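Here's the structure we're looking at; comments come further down.
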Amino acid sequence: METMDFVLQYPFGVLERDGFPYRGKWHSDFFHNSNPIVLELGCGKGEYTVGLARKFPGKNFIGIDIKGARMWTGACQARDEGLANVAFLRTDIELLTRFFAPGEVAEIWITFPDPQMKKVRKRLTGTRFLELYRNVMASDGVINLKTDSPFLYTYTKIMAEHNALDIHSCTSDLYGDGGDACSDILAIRTYYEQQWLDRGLTIKYISFSLPEGVELSEPEVDIEFDTYRSFSRGELQHADLREAAVKPKDLQR
C-alpha cells in the first residue's frame with residue numbers, strides 16, 4: 001500500500017510538532033475540489049467506501065481503519081477502477097482531530113462495528129465518540145449507522161432520542177422494510193453483511209444529525225445483550241431477530 005498515493009498510513013498517529021500535511025487542506029491539497037468529505041470509520045476491507053464512491057462521484061470518501069491488511073482489498077479496487085474520490089487512512093479513530101480540522105467532515109458512516117455491549121466508552125455511537133466526531137464535522141453533520149446488532153441499534157436510537165437529536169431515518173429491518181428506506185445508498189452490501197443476511201439476521205439502520213452546542217449525555221437504560229454474539233455466527237438464536245428489550249436501569253460503564 002505504500003506505493004498508492006491515496007493510502008496514508010499513520011498507525012501510531014502523528015507527532016504534534018510535525019502535524020499532518022492535509023489537516024484542514026483535504027479539499028485544496030488532496031482531493032483538489034470542494035466536494036463534501038465523507039468518512040467510513042472502521043472501514044475493514046473498504047467495500048462501503050468504494051461502493052459509495054462509485055455511486056456518488058460528487059463526494060469524497062475516506063475509509064479509516066487501524067488494520068492495513070483489511071483495507072488492502074478496497075485500496076486495490078479504487079486503484080484498479082481509477083476512483084479519484086477515494087482515500088484510505090490507516091490510523092486509530094480516536095485520533096481523528098489530528099487528521100481533520102473543525103468543520104472539514106460533512107458525514108460519517110459507521111458500518112457493522114463491534115457493539116461493545118459492556119463498554120459504553122468504546123461504543124462508536126456513544127456520546128464520548130460523538131463529541132469527538134463533532135470536533136471535525138460541519139454544523140449539523142450526519143451520522144449513519146448500519147449494524148446487525150439489535151443491542152447497538154437500540155442503544156443508538158435511545159441515545160439519539162434522549163439527546164433530542166434529529167433522526168432522519170430509522171429501521172430495525174432495512175431490507176424487509178423496502179421502500180424509501182432501502183435506497184441505492186443502503187443497498188451496498190459488504191461480504192459479511194450478505195453472509196449475515198443469508199443466515200437470517202436482519203440489518204438495522206439509523207441516520208441522525210449531530211448539531212453544535214447540544215450537551216450530550218448517556219441514557220440511563222439497560223438493554224438486553226445480543227445473545228447470538230456468544231456463539232459462532234452460524235449458530236444464531238431467534239432472540240436476536242427481535243428488537244432488544246429496554247429496562248430502566250443504569251448502563252454498565
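One is the number of the first residue; the rest follow in order along the sequence. In this text the structure is predicted, and so the values were computed from the model without any measurement.
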Given 3.5 Å as the limit, does a donor-acceptor pair link the side chain of Asp92 with the main chain of Leu95, or not?
no
On the ring face of Tyr175, is Arg189 found with NZ or CZ under 6.0 Å from the centre and within 45° of the axis?
yes
Spell out, yes or no, whether Ile143 and Ile93 are grouped together once hydrophobic residues are joined by side-chain heavy atoms under 4.5 Å, including indirect joins.
yes
Pairwise distance OG1(Thr91) to CZ(Phe12) - rounded to 0.5 angstrom
10.0 Å
Show your working on side chain to side chain contact (heavy atoms under 4.5 Å, CB included) between Val142 and Ser207 and close with a plain yes or no.
CA-CA 7 Å; Val142 176; Ser207 173; 3.4 Å; yes
Measuring only between side-chain heavy atoms, which start at C-beta, is Tyr22 closer than 4.5 Å to Leu8?
yes
Strictly distance-based, threshold 3.5 Å: is any side-chain N or O of Glu81 a donor or acceptor partner for the main-chain N or O of Ala78?
no
Please determine whether a side-chain nitrogen of the Lys or Arg among Arg134 and Glu212 lies less than 4.0 Å from a carboxylate oxygen of the Asp or Glu.
no
If we only count heavy atoms from C-beta on, is the Cys76 to Met4 side-chain gap below 4.5 Å?
yes
Nearest 0.5 Å please: distance from the NZ atom of Lys146 over to the OH atom of Tyr48.
3.5 Å
Evaluation steps, side chain to side chain contact (heavy atoms under 4.5 Å, CB included), between Trp26 and Val105
CA-CA 10 Å; Trp26 282 96; Val105 176; over 6 Å; no
Nearest 0.5 Å, please: how far is OG1 in Thr156 from NZ in Lys204?
12.0 Å
Step-by-step side chain to side chain contact (heavy atoms under 4.5 Å, CB included) determination, Ile37 to Ile62:
CA-CA 7 Å; Ile37 291 176; Ile62 305 174; 3.9 Å; yes
Return the minimal non-hydrogen interatomic distance between Leu41 and Tyr133, and the atom names on each side.
CD1-CE2, 3.5 Å
Side-chain ion pair, Arg70 and Glu47, N-O less than 4.0 Å
no
For Glu218 and Tyr155, which I'm curious about, is there any donor-acceptor pair between the side chains at under 3.5 Å?
yes
I'd like to know if the side chain of Glu40 and the backbone of Trp109 have a donor-acceptor N/O pair within less than 3.5 Å.
no
Closest non-hydrogen contact found for Ile188 with Gly51 is CD1-C, 3.5 Å
What's the separation between atom OG1 in Thr125 and atom CG in Asn144, rounded to the nearest 0.5 Å?
12.0 Å
Salt-bridge test for Glu107 and Lys59: reply yes if a basic N is under 4.0 Å from a carboxylate O, no otherwise.
yes
Nearest non-hydrogen partners of Asn85 and Pro57, listed with the distance
ND2-CA, 3.6 Å
Flag if over 12 foreign heavy atoms under 6.0 Å of CZ, Arg121
no
When you measure from the centre of the six-membered ring of Phe100, is the NZ or CZ of Arg23 under 6.0 Å away and within 45° of the axis?
no
When you compare the side chain of Leu89 with that of Asp65, does any pair of heavy atoms fall below 4.5 Å?
no
Test your reading of the model: is there a side-chain donor-acceptor pair from Asn163 to the backbone of Leu165, 3.5 Å cut-off?
no
Taking Arg90's backbone N and O only, do any of them form a donor-acceptor pair with Gln9's side chain (distance below 3.5 Å, no angle check)?
no
Keeping Glu193 on the side-chain end and Thr190 on the backbone end, is there a donor-acceptor pair under 3.5 Å?
yes
Of the non-hydrogen atoms in Cys170 and Ile206, which two are nearest, and what is the gap between them?
SG-CD1, 4.2 Å
Under the side chain to side chain contact (heavy atoms under 4.5 Å, CB included) criterion, do Leu83 and Val50 qualify, and how do the steps go?
CA-CA 8 Å; Leu83 295 174; Val50 173; 3.8 Å; yes
So Phe225 and Phe151, would you call those rings parallel, tilted or perpendicular, with 30° and 60° as cut-offs?
perpendicular
Do the side chain of His162 and the main chain of Ile158 share a donor and acceptor less than 3.5 angstrom apart?
no
Please examine the side chains of Lys45 and Gln77, heavy atoms only from C-beta on, and report whether any two atoms are closer than 4.5 Å.
no
Nearest-0.5 Å distance that lies between atom CD1 in Ile108 and atom CG in Leu96:
6.5 Å
Here the gap from Leu132 atom CG to Thr127 atom OG1, rounded to the nearest 0.5 Å, amounts to 11.5 Å
Between Phe61 and Phe56, what is the ring plane arrangement, given parallel below 30°, perpendicular above 60°, and tilted in between?
tilted
Determine whether Asp140 and Leu210 make a side-chain contact, defined as any pair of heavy atoms from C-beta on separated by less than 4.5 Å.
no
Identify the two heavy atoms, one from Gly68 and one from Met1, that lie closest to each other, and give their separation to 0.1 Å.
O-CE, 3.3 Å
So, do Phe30 and Phe6 sit near enough that their side-chain heavy atoms are less than 4.5 Å apart?
yes
Indicate whether the side chain of Gln194 and that of Asp198 have a donor and an acceptor atom separated by less than 3.5 Å.
yes
Keeping the roles fixed (side chain from Asn60, backbone from Asn35), state whether a donor-acceptor pair exists under 3.5 Å.
yes
I'd like to know if the side chain of Thr147 reaches the main chain of Ser149, judged simply by a donor and an acceptor atom lying under 3.5 Å from each other, with no hydrogens or angles considered.
yes
Any idea how Phe99 and Phe20 line up, ring-wise: parallel (<30°), tilted (30 to 60°), or perpendicular (>60°)?
perpendicular
Without swapping roles, check the side chain of Arg123 against the backbone of Met117 for a donor-acceptor pair under 3.5 Å.
yes
Compare all side-chain heavy atoms of Trp72 with those of Lys67 and state whether any distance is below 4.5 angstrom.
no
Pro113 and Leu152: which non-hydrogen atoms are nearest, and at how many Å?
CG-CD2, 3.5 Å
Say whether Ile66 and Leu124 are linked into one hydrophobic cluster, either directly or through other cluster members, by side-chain heavy-atom distances under 4.5 angstrom.
no
